[in-house]
Each structure stands twice: as structure tokens, then as C-alpha cells.
Amino acid sequence: MDLPYLLSLGILGHRTWPWNAGQTTRTVQSPGGENARNLEMSDVTPAQLKEWEDLQLHLRSSLQDVDDTECVIDGLRRVGGLDISFEDGTNRATAVLVVCEFDNDCLKPVYEDAVDVDMALPYISGFLFLREIPAYERLLHRLRESAPHLEPDVFLVDGSGLFHPRQCGSASHFGIVHGLRTIGVAKKLLCFDDFTREQGQMAEEHVLQNFGDSIPLIGKSGVTYGFAVRTSTAKPKGNQDASMRRLYVSIGHRFSQSTARDVVLKCCNVEGGSYIPEPIRLADLTGRAIERAWKQIHTTSKPAARQMIMDVSNLLDDKQRKTILSILDEVGVGPCATLASVPAESIKRKQATKDELFLPFQEMVTDVMVPELRAALRMEKPWAVQLRKASLRYQQAGKAMRAVLS
DNA sequence: GCGACAG
DNA sequence: ATCTTGTCGC
């Protein structure tokens with residue numbers, strides 16, 4: 001790869017993007033974000049667009065569209081899912097990475113991390129990478145810092161890969177820049193010059209009768225961009241609706257199209273799953289839970305409250321949140337108090353609970369009001385119950401979960 | 001000029 | 001991405 005070229009675009013070295021330099025070093029912004037106004041296409045010049053197109057074309061030349069010989073589908077241990085949930089009406093969002101591990105045919109979450117992002121650019125079809133990749137890079141960096149032994153064999157990315165006007169959607173972009181195996185998973189069809197709306201309509205109308213059925217998405221040029229795949233296991237009962245939901249799967253990097261399809265199918269065919277592959281579905285649920293909690297309190301909150309919600313999601317499991325909530329109920333702390341005003345002596349709990357949960361938590365969230373704490377602690381994430389085993393005492397505010405070796 | 005447009 | 005509405009199934 002042409003390193004000087006990429007360096008000139010600020011692409012390498014993880015977090016040195018020209019348009020949001022410093023994002024990772026600045027702390028949580030004021031509620032609503034610094035970019036509270038709506039981002040518009042007019043923020044982007046044609047020259048910038050051309051530069052980004054050139055970057056996509058350049059990266060495309062390094063895309064590996066065959067399977068790694070050392071990683072066949074049966075050898076797949078862990079799968080990561082990346083997704084971003086937005087706060088309504090602002091440019092703020094929560095990006096989430098969930099890593100799942102295969103246990104026979106079940107997929108169990110073994111790692112989860114959420115970060116706050118403040119979008120600097122508008123959504124532009126064909127340039128999703130601008131908005132999402134900086135956040136994905138932060139999540140990758142934090143994973144490698146706090147749980148390198150849990151790095152997945154493949155990342156499923158919410159968006160397209162090769163199925164893209166320049167054959168380099170965000171899934172490929174992320175995979176190529178970091179040398180990772182990636183697969184693009186889109187819920188909607190993307191049409192462009194070589195894959196027209198007419199061809200898209202044909203693909204959409206093609207009946208996929210059973211789970212696993214698929215048709216290739218072939219462009220006018222003959223390129224196979226990916227597959228439309230029936231990933232819903234719902235029975236073909238009612239005519240068509242949710243049961244007709246399908247995904248548009250395309251390779252990101254270091255996969256063949258057919259293996260990418262099979263990996264996505266394997267991640268959908270799990271107990272309690274949906275038509276969305278499990279790691280992405282869980283990442284989406286977590287992002288929504290965080291945004292729901294934030295919505296309840298952000299009007300009156302300090303900026304620190306946003307980070308507090310991330311910490312509660314990242315570092316506490318279901319049981320730990322409930323324990324702290326019940327302690328707050330028992331102590332009867334007033335709405336204008338902070339957690340610091342709760343004396344440890346007044347808590348009627350086992351010493352271990354105080355030492356390993358309450359006191360570290362108290363230290364972690366010093367200047368957040370109790371009503372805001374309650375809203376965060378009431379966050380509902382039942383799927384993450386058995387996710388963490390590390391004591392809060394050994395975790396640190398602002399960090400990703402510290403996953404325990406097992 | 002107008003609509004379309006992964007998330 | 002987000003919203004809504006209706007329908008089906010557990």
C-alpha cells in the first residue's frame with residue numbers, strides 16, 4: 001500500500017482524521033453536541049468529495065476478495081458486530097462493538113464496549129465511512145487495550161462492503177485500512193451506475209422462500225457485488241412482511257462472497273436471534289438502550305452525565321446496576337444530592353458489596369446528580385447479564401470493560 | 001428541475 | 001439513522 005498517499009490524507013495512525021482531529025482526546029461535549037445544528041451536504045466541497053472518492057478507489061486496489069486459507073468458516077471462534085445509534089435531532093451518537101463467541105451453534109456475547117461520538121460531517125450516500133470509521137477505530141483501539149485476547153476473527157459492519165459504487169463501502173474501508181477480516185451487512189439496497197434501480201428492483205422482488213436462500217447481486221459489468229440473503233427463520237406463513245426481511249451481504253476484506261454469506265447466516269441462525277446477525281443486533285440494542293437512558297436525563301444534565309452513562313453500560317452488568325439502585329432506594333438519598341453524600345456506614349450490605357461495587361462506583365461518578373444516576377442504572381440490557389465477571393474495583397472510568405480470561 | 005440515496 | 005401504523009404470534 002502507498003503509505004505516503006494515505007498519510008497525506010490523514011488515514012493512518014488510527015485517530016488522525018483531518019476533519020475531527022482531537023476527537024478522541026477531548027472529553028464529553030455539552031448536551032446536544034458541539035455540532036447541534038444539522039450537518040448539511042454544503043459543508044462538503046466537491047474537491048473533498050473527489051479526494052474521498054480517490055481514497056476509496058485507492059483502497060479498493062488492496063481489497064482481498066478470497067478466503068484466508070488459515071480461517072475457514074468452521075474454524076470461526078469469535079465474531080464482532082459494529083453499529084451506531086443516534087440521538088434524535090443531533091449529530092451525537094453511540095457507537096457499540098459487541099464480540100460474540102461460538103459455543104457449538106450458539107453465539108454468546110463475551111465483550112461489549114460503547115463510545116460517545118459527535119459527528120463532524122453529514123451522512124452522504126456512498127461515503128458512510130466518513131461518519132462511522134473514526135468511531136470504529138476508537139472501539140478497535142479500546143478492545144486491543146483492554147481485551148486483546150478477545151479480538152474477533154471477523155467484524156460484521158452495519159453497511160456495505162464491495163457492494164458500493166467504487167467497490168469500497170465502509171466495511172471494506174475499515175477492513176483494508178486495518179488489515180482485518182470484515183463483512184458488510186446492509187438492510188437496504190444501494191443502487192448506482194453499475195447496479196441500477198432496475199436491477200435492484202429485480203433482486204428485491206425475487207422470492208427467497210426459506211432461511212438461507214440467496215441470489216447474487218450482479219452488476220451490468222458482470223461483477224458480483226454480493227448476495228441478497230434470506231436471514232429470517234420465520235416460517236413462510238403470512239404473505240410477506242417481517243418474515244420477508246432480507247439482508248444485502250457483501251465482502252468487506254479477506255473473504256469470498258459465498259463465505260461471507262455463510263458467516264452471516266451462521267450468525268443469524270441462533271436461539272433468540274432475528275434477521276440481523278447476532279453481534280450487530282446486540283450492538284444495536286446496547287446503543288439504543290444508552291440513547292434511551294440519555295434521552296431521559298440529557299435536558300438537565302451536565303456533560304459528565306453522558307460519560308457516566310457510557311461507564312454504567314460498559315462496566316456494570318445487570319445485577320450490579322440493580323444492586324446499586326436498591327442501595328440508593330434504601331438509603332433514601334435526596335434528588336439534589338450527589339453520590340458522594342451517601343455515607344458508607346448507612347448502607348446495610350455485605351462488606352464485599354460495598355468494597356467491590358459501591359465504593360468504586362462512588363469514586364467513579366463524583367459529580368452526577370442522583371436522579372440522573374437512577375436513569376442510567378435503570379438501563380435495560382438483559383442480554384448482557386452474564387457478560388462481565390471483573391469486579392468494578394479493578395475497572396476504571398472511561399475504559400472499556402475488562403474482560404476476564406476463562 | 002426532480003427524485004434517489006448503505007447509515 | 002429516526003419516526004409511524006398495523007398485524008401476527010407467543
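By convention in this document, chain letters (A, B, ...) are assigned in the order of the sequence lines, proteins followed by strands, and residues within each chain are numbered from 1.
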Would you mind classifying the nucleic acid contact of Phe127(A) as base, sugar-phosphate or nothing, using non-hydrogen atoms under 4.0 angstrom? base
Decide, yes or no, whether a salt bridge links Lys348(A) with Glu330(A) under the criterion of side-chain N to carboxylate O below 4.0 Å. no
Report yes if at least one side-chain N or O of Arg288(A) is closer than 4.0 Å to OP1 or OP2 of dT2(C); otherwise report no. yes
Rounded to the Å, how far apart are Lys187(A) NZ and dG7(B) C1'? 8 Å
Can you confirm whether or not the ring centre of Phe192(A) sits under 6.0 Å from the ring centre of Tyr225(A)? yes
How many Å lie between CG on Asp284(A) and P on dA1(C), as a whole number? 7 Å
Presence of salt bridge, Lys187(A) and Asp158(A), under 4.0 angstrom: yes
Looking at the side chain of Arg131(A), which of dC5(B), dG7(B), dC3(C) is the nearest nucleotide? dG7(B)
Between atom CG in Leu190(A) and atom C1' in dA4(B), what is the gap in whole Å? 11 Å
Quote, to the nearest angstrom, the C1' distance that separates dT2(C) from dC5(B). 16 Å
Starting at CG of Leu128(A) and ending at P of dA6(B), how long is that distance when rounded to a whole Å? 9 Å
Determine whether the aromatic ring of Tyr123(A) stacks with the base of dA1(C), defined as ring centroids separated by less than 5.5 Å and ring planes inclined by less than 30°. no
Atom CZ of Arg166(A) and atom C1' of dC5(B) are separated, to the nearest Å, by 12 Å
Just call it for Gly126(A): base, sugar-phosphate, or nothing, with non-hydrogen atoms closer than 4.0 Å on any strand. base
Cationic N near anionic O, under 4.0 Å, Glu112(A) to Arg388(A): yes
Just the rounded figure in Å: distance from C1' of dA1(C) to CG of Leu130(A). 15 Å
Output the rounded distance in Å from CD1 (Ile276(A)) to P (dA1(C)). 8 Å
Which of dT2(C), dA4(B), dG7(B) is nearest the side chain of Ala186(A)? It is dG7(B)
Hey, would you say the Phe163(A) and Phe195(A) ring centroids sit under 6.0 Å apart? yes
Rounded distance in Å between the C1' positions of dT4(C) and dG3(B): 23 Å
Once you round it to whole Å, what is the distance between P of dA6(B) and CD1 of Ile84(A)? 16 Å
